[in-house]
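Report on the structure given below.
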Amino acid sequence: RWWSYVCEDPRCCPPEGTPFDPRSSEIAATCAYQGMPVLASRDELARQVAPVDGPARVAMTRATERAWSRLTRRLGQLPEHEAADVVRDEGTRAATRAVTTYEGDGSLDDDQVAWLTVLLLSIPVRDAAWLAVRDTPAHLRLWLDVTRRAEPELVAAPASLLAFAAWRAGNGPLAGLALERALEADPGYSMARLLHQGLQHGLPPSAFDGWGTPGWGQQTR
């Protein structure tokens with residue numbers, strides 16, 4: 001319901017307020033145009049980030065086992081001092097391919113999602129993906145999909161990336177729910193804790209622009 005601050009005529013502005021349908025408002029239309037549908041409740045929003053279950057979960061568990069085996073074989077063929085660089089390069093390529101796929105309205109298969117989530121355990125890979133996040137529907141759809149399909153022990157990184165993508169897209173409630181998932185999986189996860197503090201203090205996502213550049217910490221204190 002809405003009330004007028006200036007009109008006291010009960011014929012057009014009744015004392016009990018004028019009801020309206022939030023789904024048909026200009027705000028709802030704007031949100032829909034920007035790919036942010038108006039949902040009936042917080043529970044409905046929470047279901048958007050809930051992990052997949054049933055056959056989809058079984059398939060992802062098996063795909064993740066294959067991804068671990070693939071990574072183990074790959075690293076087993078390398079000298080120890082090269083492992084970190086190889087993981088960083090493989091992860092950066094996987095994240096870049098994922099973004100390109102979703103920008104083309106495609107989606108990753110289970111093995112591709114599993115491979116990406118395993119590589120995101122590497123902080124340099126996670127940071128490269130973080131720096132690449134843009135406020136577009138493709139980035140939001142990518143990290144929402146990966147967050148839902150990731151195995152529980154691997155969800156902190158993609159959920160944090162989803163939170164940043166949602167925050168940049170102006171969807172604070174979704175960002176908050178994504179951070180809840182990340183912190184439930186790993187209460188000490190630094191990226192999730194940092195973003196959570198930013199949201200709690202009402203900072204704009206632009207506060208993190210250029211965070212990977214030299215001297216950023218001193219400039220933003």
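Heavy-atom basis, side chains included; hydrogens, waters and symmetry copies ignored.
- A donor-acceptor pair under 3.5 Å links the side-chain atoms of Y102 to the main chain of L108, judged by distance alone.
- Hydrophobic clustering, with ILVMFWY side chains joined whenever heavy atoms are under 4.5 angstrom apart, groups L194 together with L120.
- The distance from atom CD of Q112 to atom OG of S107, rounded to the nearest 0.5 Å, is 8.5 Å.
- Listed by chain and residue number, F208 satisfy the ring-ring contact (aromatic ring centres under 6.0 Å, His included) test with W167 (two or more places apart in sequence, or in another chain).
- Shown here are the side-chain contact (heavy atoms from CB on, under 4.5 Å) partners of C12, two or more places apart in sequence or in another chain: C7, D9.
- Residue E8 places its CD atom among 12 or fewer non-hydrogen atoms of other residues, nucleotides or ligands, all under 6.0 Å distant.
- The backbone N or O of C13 sits nowhere less than 3.5 Å from a side-chain atom of W3 that would complete a donor-acceptor pair.
- The side-chain contact (heavy atoms from CB on, under 4.5 Å) check on L121 picks up W68, L154, with sequence neighbours excluded.
- In this structure D53 satisfies the side chain to side chain donor-acceptor pair (under 3.5 Å) test with no other residue, sequence neighbours excluded.
- R193 meets the side chain to side chain donor-acceptor pair (under 3.5 Å) test with no other residue; sequence neighbours excluded.
- Considering every non-hydrogen atom in both A156 and A185, the closest pair reads N-CB, 4.3 Å.
- Of all heavy-atom pairs spanning A175 and A163, the tightest one is CB-O, 3.3 Å.
- Listed by chain and number, the residues in a side chain to side chain donor-acceptor pair (under 3.5 Å) with D109 amount to none (sequence neighbours excluded).
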Only distances under 3.5 Å count here; give the side-chain donor-acceptor pairs of residues 75-82 to other protein atoms, sequence neighbours excluded, each with its distance to 0.1 Å.
none

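- Formation of a donor-acceptor pair under 3.5 Å by the S69 side chain with backbone atoms of E65 is found in this model.
- In this structure the side chain of E180 never reaches within 4.5 angstrom of the side chain of H196, judged on heavy atoms.
- A67 meets the side-chain contact (heavy atoms from CB on, under 4.5 Å) test with A114, W115, V118; sequence neighbours excluded.
- A continuous path of ILVMFWY side-chain contacts below 4.5 Å connects V146 to V87, so both sit in one hydrophobic cluster.
- Distance check: Q197 CD to L199 CG gives 10.5 Å after rounding to the nearest 0.5 Å.
- Between L161 and L142 the shortest side-chain heavy-atom distance does not fall below 4.5 Å.
- Partners of D110 by side-chain contact (heavy atoms from CB on, under 4.5 Å), not counting sequence neighbours, listed by chain and number: A59, M60, A63, R149.
- A distance of 8.5 Å separates CD of Q48 from CZ of R148, quoted to the nearest 0.5 Å.
- The closest side-chain heavy-atom distance from L162 to L140 is below 4.5 Å.
- Residues satisfying the salt bridge (charged side-chain N to carboxylate O under 4.0 Å, His left out) test with R134, not counting sequence neighbours, are none.
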Could you give the side-chain donor-acceptor pairs of residues 90-99 under 3.5 Å, partners two or more places apart or in another chain?
| from | atom 1 | to | atom 2 | distance (Å) |
| --- | --- | --- | --- | --- |
| E90 | OE2 | R74 | NE | 3.3 |
| T92 | OG1 | R88 | O | 2.8 |
| T96 | OG1 | T92 | O | 2.8 |

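- With hydrophobic clusters built from ILVMFWY side chains whose heavy atoms lie under 4.5 angstrom apart, L174 does not share a cluster with V155.
- Atoms CZ and CG, from R181 and L179 in turn, are 12.0 Å apart once rounded to the nearest 0.5 Å.
- How far CG of N171 is from CG of L177: 9.0 Å, rounded to the nearest 0.5 Å.
- Nearest heavy-atom pair across A157 and R126 is CB-CG, 4.0 Å.
- Heavy atoms from other residues, nucleotides or ligands lying under 6.0 Å from CZ of R62 number 12 at most.
- One distance of note links OG of S160 with CH2 of W143; it measures 10.5 Å at 0.5 Å rounding.
- Judged purely by atom type and a 3.5 angstrom limit, R141 has no side-chain atom pairing as donor or acceptor with the backbone of T136.
- Residue Y189 is grouped with residue V49 when hydrophobic side chains (ILVMFWY) are merged at heavy-atom distances under 4.5 angstrom, including chains of intermediate members.
- Take R57 and apply the side chain to side chain donor-acceptor pair (under 3.5 Å) test, not counting sequence neighbours, and it matches E151.
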